[in-house]
Amino acid sequence: MTQSCRPSSPALAPVLLTLLLGGPALASEIVGGRPARPHAWPFMASLQRRGSHFCGGTLIARNFVLSAAHCLNGLNFRSVRVVLGAHNLRRGESTRQKFRIQRVFENGFDPMTLRNDIVVLQLNRFAFINSNVQVAQLPAQDQGVGEGVRCLAMGWGQLGTNRPPPRVLQQLNVTVVTALCRPTNVCTLVPGRQAGICFGDSGGPLVCNGLVQGIDSFIRGGCGSGLFPDTFASTAKFADWINSIIRRYGDNDSPPLHPRIPVAMPGSVTH
């Protein structure tokens, strides 16, 4: 069984029990990472209900955000707000842009196995592209990543199973592994130490060589176990589907305000 990383709710009580007993869990926190530089990752989105963050997301077009399907599973999407341009979630930042969700697109999501754990959210208007809000670059269909590639995970999830969430966005260097990983997923470990994703990081991006290659999905064996890899939905497996939605429902009448910019990977993270 796997556990996703959406924060706890009555519906997730069995998931949390599984986490405590050492089984897989929905990913929600960054364990062993460090604070990101403010707005270093301007495509990062926060999904919120009643002003509280519960999942991450990635801006992939001016009116589309990519996230994990389990984040919206069982929720009324009209109660969710998508926040762009955030860094410190405890401050009223002037850089923020807030949106409602107009449509939700899934592709065969199975809530029991967490297969196809990816969702495209159409926003109710276009984002204003500036230095704090930008569109991420996605891979082409089946342009995935192999064993040993270094990537970056990020999110506002808790700093530990029994610790509160951070004020500012966290980031963590991770390495792609293929053992214990399904072909439709991308999996990562942090070599030599206990670190990884956990509750609250769900839906956030995995950035590898400037491309968003994964969507934070689930963990096994507890947060930052050091034994089981963290699991992400592979965006490369869904690239054609994602692009077909953007072409059909996106802004076809005018070019983007800013071209898609490949993301530069930072240096090694130490803790």
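Residues: numbered from 1 along the sequence shown.
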Rounded to the nearest 0.5 Å, what separates atom [atom1] in [X] from atom [atom2] in [Y]?
X	Y	atom1	atom2	result
I219	T188	CD1	OG1	11.0 Å
R81	L123	CZ	CG	12.0 Å
C187	F228	SG	CZ	12.0 Å
L138	L66	CG	CG	6.5 Å
R34	R37	CZ	CZ	10.0 Å
N63	Q122	CG	CD	5.5 Å

* To do: Using the side chain to side chain contact (heavy atoms under 4.5 Å, CB included) rule, take V168 and Q170 through it: C-alpha gap first, then chi angles, then the decisive distance, then the call.
  => CA-CA 6 Å; V168 303; Q170 303 289 300; 3.8 Å; yes

So do the side chains of [X] and [Y] get within less than 4.5 Å of each other, counting heavy atoms only?
X	Y	answer
L72	L121	yes
N185	S234	no
V135	F64	no
I101	R78	no
L189	T175	no
I60	V212	no
V186	T231	no
P111	N73	yes

* Ignoring hydrogens and angles, state whether a donor on the side chain of S79 or R49 is under 3.5 Å from an acceptor on the partner side chain. => yes

* Asked: What's the verdict on side chain to side chain contact (heavy atoms under 4.5 Å, CB included) for R182 and R115, showing C-alpha distance, side-chain angles and the deciding distance?
  -> CA-CA 9 Å; R182 296 186 301 215; R115 291 184 183 274; 3.4 Å; yes

* Please step through ring-ring contact (aromatic ring centres under 6.0 Å, His included) for the pair Y249 and F105, ending with a clear verdict. => CA-CA 11 Å; Y249 296 98; F105 300 89; 5.1 Å; yes

Do you know the tightest heavy-atom contact between [X] and [Y]?
X	Y	value
G56	L47	O-CD1, 3.8 Å
P229	A179	CG-O, 3.8 Å
A239	A140	CB-C, 3.7 Å
A233	I118	CB-CB, 4.4 Å
D240	R247	O-NH2, 4.5 Å
P205	M44	CD-SD, 3.4 Å

* **With D142 via side chain to side chain contact (heavy atoms under 4.5 Å, CB included) - residues at least two apart** =>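 Testing D142 for side chain to side chain contact (heavy atoms under 4.5 Å, CB included), a comparison that skips the adjacent residues, returns K237.
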
* To do: With sequence neighbours left out, write down each residue that passes side chain to side chain contact (heavy atoms under 4.5 Å, CB included) with A68, or none if nothing qualifies.
  => H70, C71, D117, I215

* Asked: Going through the checks in order, is the side chain to side chain contact (heavy atoms under 4.5 Å, CB included) test met by V145 and L206?
  -> CA-CA 11 Å; V145 285; L206 177 71; 5.9 Å; no

* Asked: Looking at Q171, M154, Q213, which one forms a side chain to side chain contact (heavy atoms under 4.5 Å, CB included) with V207?
  ->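 Of the listed residues Q171, M154, Q213, the side chain to side chain contact (heavy atoms under 4.5 Å, CB included) partner of V207 is M154.
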
* Please report the C-alpha distance between H39 and L169 in whole Å, then the side-chain angles of each, then the deciding distance to 0.1 Å, and finally whether the side chain to side chain contact (heavy atoms under 4.5 Å, CB included) criterion is met. => CA-CA 9 Å; H39 311 294; L169 183 67; over 6 Å; no

* **Plane angle bin for W41 and F43 - parallel if under 30°, tilted between 30 and 60°, otherwise perpendicular** => tilted

* To do: Please work out which of the three classes, parallel, tilted or perpendicular, describes the rings of H53 and W156, given edges at 30° and 60°.
  =>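 Judged by the thresholds at 30° and 60°, the geometry between W156 and H53 is perpendicular.
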
* **Any pair counted as salt bridge (charged side-chain N to carboxylate O under 4.0 Å, His left out), so long as it reaches residues 92-107, sequence neighbours left out** => E93-R96

* Asked: Can you check whether T178's main-chain N or O pairs, donor with acceptor, with E147's side chain at less than 3.5 Å?
  ->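 Between the backbone of T178 and the side chain of E147 there is a qualifying donor-acceptor contact (under 3.5 Å).
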
* Between R125 and F99, is NZ or CZ placed under 6.0 angstrom from the six-membered ring centre and within 45° of the ring axis? -> yes

* **Hydrophobic cluster membership, L84 vs V104, 4.5 Å side-chain cutoff** => yes

* Asked: Honestly curious: do V83 and V119 fall in one hydrophobic cluster under the side-chain, below-4.5 Å linking rule?
  -> no

